[in-house]
4 protein chains.
Amino acid sequence: MDKRKDILQAALRLFVEQGFHGTATSKIAQEAGVANGTLFHHFKTKDELIIRLYLDIKKQLLNFTEEQAQKQKNTKEKVKAHYIYTLYWALDHPLEFHFMQQISLSPFVNQIPLEEIQEQKKAAIELIQEAMEGGYIQKLPTDFIHNLIGIHIFGVYQYILKKELEETPKKELIEQSFELLWKMLT
Amino acid sequence: MDKRKDILQAALRLFVEQGFHGTATSKIAQEAGVANGTLFHHFKTKDELIIRLYLDIKKQLLNFTEEQAQKQKNTKEKVKAHYIYTLYWALDHPLEFHFMQQISLSPFVNQIPLEEIQEQKKAAIELIQEAMEGGYIQKLPTDFIHNLIGIHIFGVYQYILKKELEETPKKELIEQSFELLWKMLT
Amino acid sequence: MDKRKDILQAALRLFVEQGFHGTATSKIAQEAGVANGTLFHHFKTKDELIIRLYLDIKKQLLNFTEEQAQKQKNTKEKVKAHYIYTLYWALDHPLEFHFMQQISLSPFVNQIPLEEIQEQKKAAIELIQEAMEGGYIQKLPTDFIHNLIGIHIFGVYQYILKKELEETPKKELIEQSFELLWKMLT
Amino acid sequence: MDKRKDILQAALRLFVEQGFHGTATSKIAQEAGVANGTLFHHFKTKDELIIRLYLDIKKQLLNFTEEQAQKQKNTKEKVKAHYIYTLYWALDHPLEFHFMQQISLSPFVNQIPLEEIQEQKKAAIELIQEAMEGGYIQKLPTDFIHNLIGIHIFGVYQYILKKELEETPKKELIEQSFELLWKMLT
DNA sequence: AATGAATGAGGCTTCATTCAT
DNA sequence: TATGAATGAAGCCTCATTCAT
């Protein structure tokens with residue numbers, strides 16, 4: 001199980017740095033300190049490796065944000081926790097976050113089972129519904145809201161990265177940007 | 001100049017459908033009804049073709065939105081025109097819009113001269129500044145605002161595409177989503 | 001000894017269906033319900049497995065035809081028994097017969113010790129000699145006769161298989177084809 | 001068209017010497033004095049190369065025997081010409097003949113269009129029919145006769161090769177073996 | 001004897017690019 | 001400009017075999 005992890009780790013870094021097609025499986029193996037064939041012992045194809053990596057990372061993120069959101073009591077705080085901790089996680093795991101972004105904008109998304117995607121969105125969608133029913137935010141299609149929030153996070157993340165903000169202004173910007181978002185939704 | 005256009009057109013479609021690395025230059029040539037080598041008479045390399053395509057498309061979009069924005073008199077209307085006509089153009093030119101998205105999330109962005117990028121953003125940034133100085137929107141880094149607007153457009157575009165909305169609800173959603181954005185920014 | 005048999009059985013089927021090079025040792029192991037490495041405990045190499053399989057099968061066929069031929073008293077009946085029971089065996093053991101054919105037309109034949117081959121042919125050659133000396137068949141090189149008989153059997157076998165004959169016409173054809181052969185040789 | 005021929009020629013030799021799976025496409029290219037990729041410029045896949053080679057060779061053989069058979073007037077002479085010149089051709093083109101044998105006993109046969117096979121047999125089948133209707137040979141399924149003749153040729157060919165016969169005894173054996181065959185069929 | 005993870009050489013094929021016509 | 005045959009590096013993957021458990 002050790003080598004498998006090494007492979008996933010190496011793959012993550014290389015995929016982000018050079019793209020899916022830009023990184024050869026042989027490079028991944030080499031970087032992981034593993035024989036060429038070992039990669040294919042653990043993952044039938046390069047595609048399978050990519051998908052597996054995506055699912056693993058997505059689950060990590062969801063576990064984290066879910067945990068944080070559940071600590072909150074009122075609805076706005078839950079939404080905020082969801083938003084903010086996603087950003088924190090993203091900034092703490094830039095490779096992982098970039099990779100997820102790469103996937104969702106590539107043809108690979110279509111290889112992820114639809115149920116998997118539904119399952120991933122489920123908690124967030126429920127939270128949005130709760131906020132809508134509680135009168136906290138406007139009545140709009142939940143999918144639409146979910147989309148706006150996700151994209152908003154992505155935009156802020158990108159901005160912070162590009163500007164290379166320090167810890168304090170970073171935290172401030174994140175707080176501020178959530179308030180912008182919340183203002184938009186209420 | 002005819003064949004050159006055929007090549008660009010074929011390339012656009014294939015790049016969007018199969019990605020940059022997924023489409024061979026030979027396929028592009030074939031699709032364009034052109035000999036294999038002809039492609040390389042017009043574009044020194046595959047990369048040059050990609051960049052050229054991007055710049056052409058970007059210019060088309062900017063010309064269009066600029067023209068629409070200039071028809072408006074007051075600031076909010078200008079911003080709105082910018083926002084809305086970008087979306088309309090995107091929905092009318094899905095291949096082109098997708099392609100631009102693909103580029104901006106790929107390593108190819110780094111091959112686009114920085115001045116080019118600055119030039120592209122210039123008009124939008126000036127408009128944002130104008131709106132900020134006129135007290136219409138909050139004082140925040142212009143880059144940040146620009147980022148938020150751009151990403152917002154992308155999010156709405158994606159949502160519309162996924163939901164396959166009809167003409168009327170589409171128009172309504174676009175209007176509505178601009179109001180959301182504006183609310184956020186003011 | 002159980003797993004060894006499973007391996008040989010699986011190998012036989014796969015070799016016939018997909019050829020020697022077309023079937024991976026791992027597939028054989030899998031099909032035999034055995035671990036990958038187990039195969040190499042029983043057979044040092046893939047080649048050894050192939051040769052072993054061939055020798056086993058050849059011995060089975062020879063034992064069977066020998067036994068049948070010995071039940072006969074006069075020479076023609078012996079030759080006939082040899083001919084007919086080879087065909088019956090072949091039709092009862094199509095995988096085994098195919099496999100033998102595959103081997104004899106592949107470079108693997110050269111890996112079978114010459115003495116082994118001599119030994120295998122011995123009984124048949126002696127029978128042919130007996131028939132020749134008894135004046136039943138023409139005086140021609142025994143090897144040549146042996147060759148003609150063998151190939152004749154193969155031809156009839158192939159024809160029966162291709163035409164998917166029923167039991168009765170099959171038996172008739174076999175009898176008839178022996179008479180043709182005999183007519184040729186006398 | 002030159003390189004294409006070189007490739008076919010090199011492929012023929014190597015396939016016969018080392019089998020289909022035993023010869024790498026890179027070896028073929030190298031042997032043909034051609035770049036690796038050139039092979040795939042002329043043949044989409046290794047399989048296509050194999051099939052193409054088979055069809056080319058088969059056509060050569062058929063052209064030759066057809067031509068010889070048509071020179072004969074009476075039926076037996078036609079059959080004999082067919083038989084004997086096939087053997088001569090085989091002995092003059094051992095690589096080609098071996099290759100054809102290899103194909104017909106491999107899974108590749110199934111990739112040859114059935115009509116193609118029918119077309120190839122057509123002339124021979126018609127000749128057999130003619131001989132049968134003329135009362136020269138026994139009334140048996142034409143396919144069966146065709147099969148027996150073919151296999152007979154193959155047996156004699158193999159025998160001659162193994163024994164490395166000189167020109168004169170070779171010719172004698174061929175004549176003699178035809179008489180054996182004819183005796184069987186009448 | 002049995003397992004199955006690990007190996008790495010080698011196979012087939014793709015593809016951007018060149019060049020003689 | 002246009003063509004398309006030719007190139008050869010590089011990619012993905014397979015597979016016989018080994019070895020620690």
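Bear in mind that the values here come from a model prediction, so they are computed numbers and not experimental data. Below, all heavy atoms of this structure are taken into account, side chains as well, without hydrogens, waters or symmetry copies. Protein chains get the first letters and strands the later ones, always in sequence-line order, with residue 1 at the start of each.
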Among [options], which nucleotide sits nearest the side chain of [X]?
X       : options                : answer
C/Lys3  : F/dG11, F/dA2, E/dT3   : E/dT3
D/Lys46 : F/dT7, E/dC12, F/dT3   : E/dC12
C/His42 : E/dA1, F/dC12, F/dA6   : E/dA1
A/Thr38 : E/dT7, E/dT3, E/dA16   : E/dT7
D/Phe40 : E/dT13, F/dC13, F/dT17 : E/dT13
A/Thr45 : F/dC13, E/dA6, F/dA6   : F/dC13
C/Ala24 : F/dA16, E/dG8, F/dT17  : F/dA16

Output yes when A/Arg13 and A/Glu17 qualify as a salt bridge under the 4.0 Å nitrogen-oxygen rule, no when they do not.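 Yes, this pair counts.
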Taking a pair as Watson-Crick or G-U wobble with both distances under 3.5 Å, which nucleotide is matched to E/dT7?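 The answer is F/dA16, by the H-bond criterion.
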Who is the Watson-Crick or G-U wobble partner of E/dA1, with both distances under 3.5 Å?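 Looking at the geometry, E/dA1 pairs with no nucleotide.
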Can you tell me how far [atom2] of [N] sits from [atom1] of [X], to the nearest Å?
X       : N      : atom1 : atom2 : result
D/Asp2  : E/dA20 : CG    : C1'   : 16 Å
C/Leu39 : E/dA1  : CG    : P     : 13 Å
D/His41 : E/dC19 : NE2   : C1'   : 13 Å
D/Ile7  : F/dA5  : CD1   : C1'   : 11 Å
B/Asn36 : F/dT1  : CG    : C1'   : 16 Å
C/Lys44 : F/dT18 : NZ    : P     : 10 Å
B/Phe43 : E/dC15 : CZ    : P     : 20 Å
B/Gln30 : F/dT3  : CD    : C1'   : 15 Å

Pick the nucleotide of DNA chain E nearest each of D/His21 and A/Gly37; which residue has the one closer to the 5' end?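 Closer to the 5' end of DNA chain E: A/Gly37.
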Indicate whether OP1 or OP2 belonging to F/dC12 is found under 4.0 Å from a side-chain N or O atom of A/Thr25.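 Yes, because at least one side-chain N or O of A/Thr25 sits under 4.0 Å from OP1 or OP2 of F/dC12.
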On DNA chain F, does the nearest nucleotide to B/Val34 precede the nearest nucleotide to D/Val34 from the 5' side, or the other way round? Give the residue.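 The 5'-side residue here is B/Val34.
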Could you check B/Ala35 against C/Gly22 and say which one's nearest nucleotide on DNA chain F is further toward the 5' end?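 Nearest nucleotide further toward 5': that of B/Ala35.
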Got a donor-acceptor contact below 3.5 angstrom from the D/Ser104 side chain to the D/Met100 backbone?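 Yes: the side chain of D/Ser104 pairs with the backbone of D/Met100.
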Is the number of heavy atoms from other residues, nucleotides or ligands within 6.0 Å of NZ (A/Lys162) greater than 12?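 Buried by this count: over 12 neighbours within 6.0 Å.
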Flag the pair C/Ile28 / C/Leu49 as yes when at least one side-chain heavy-atom distance between them is below 4.5 Å, and no otherwise.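 SC-SC contact between C/Ile28 and C/Leu49 confirmed.
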Measure centre to centre between the rings of C/Phe108 and C/Phe20, then say whether the value is under 6.0 Å.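 Yes.
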Do A/His98 and A/Phe154 have their ring centres less than 6.0 Å from each other?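 Judged by ring-centre distance (under 6.0 Å), A/His98 and A/Phe154 do not meet the cut-off.
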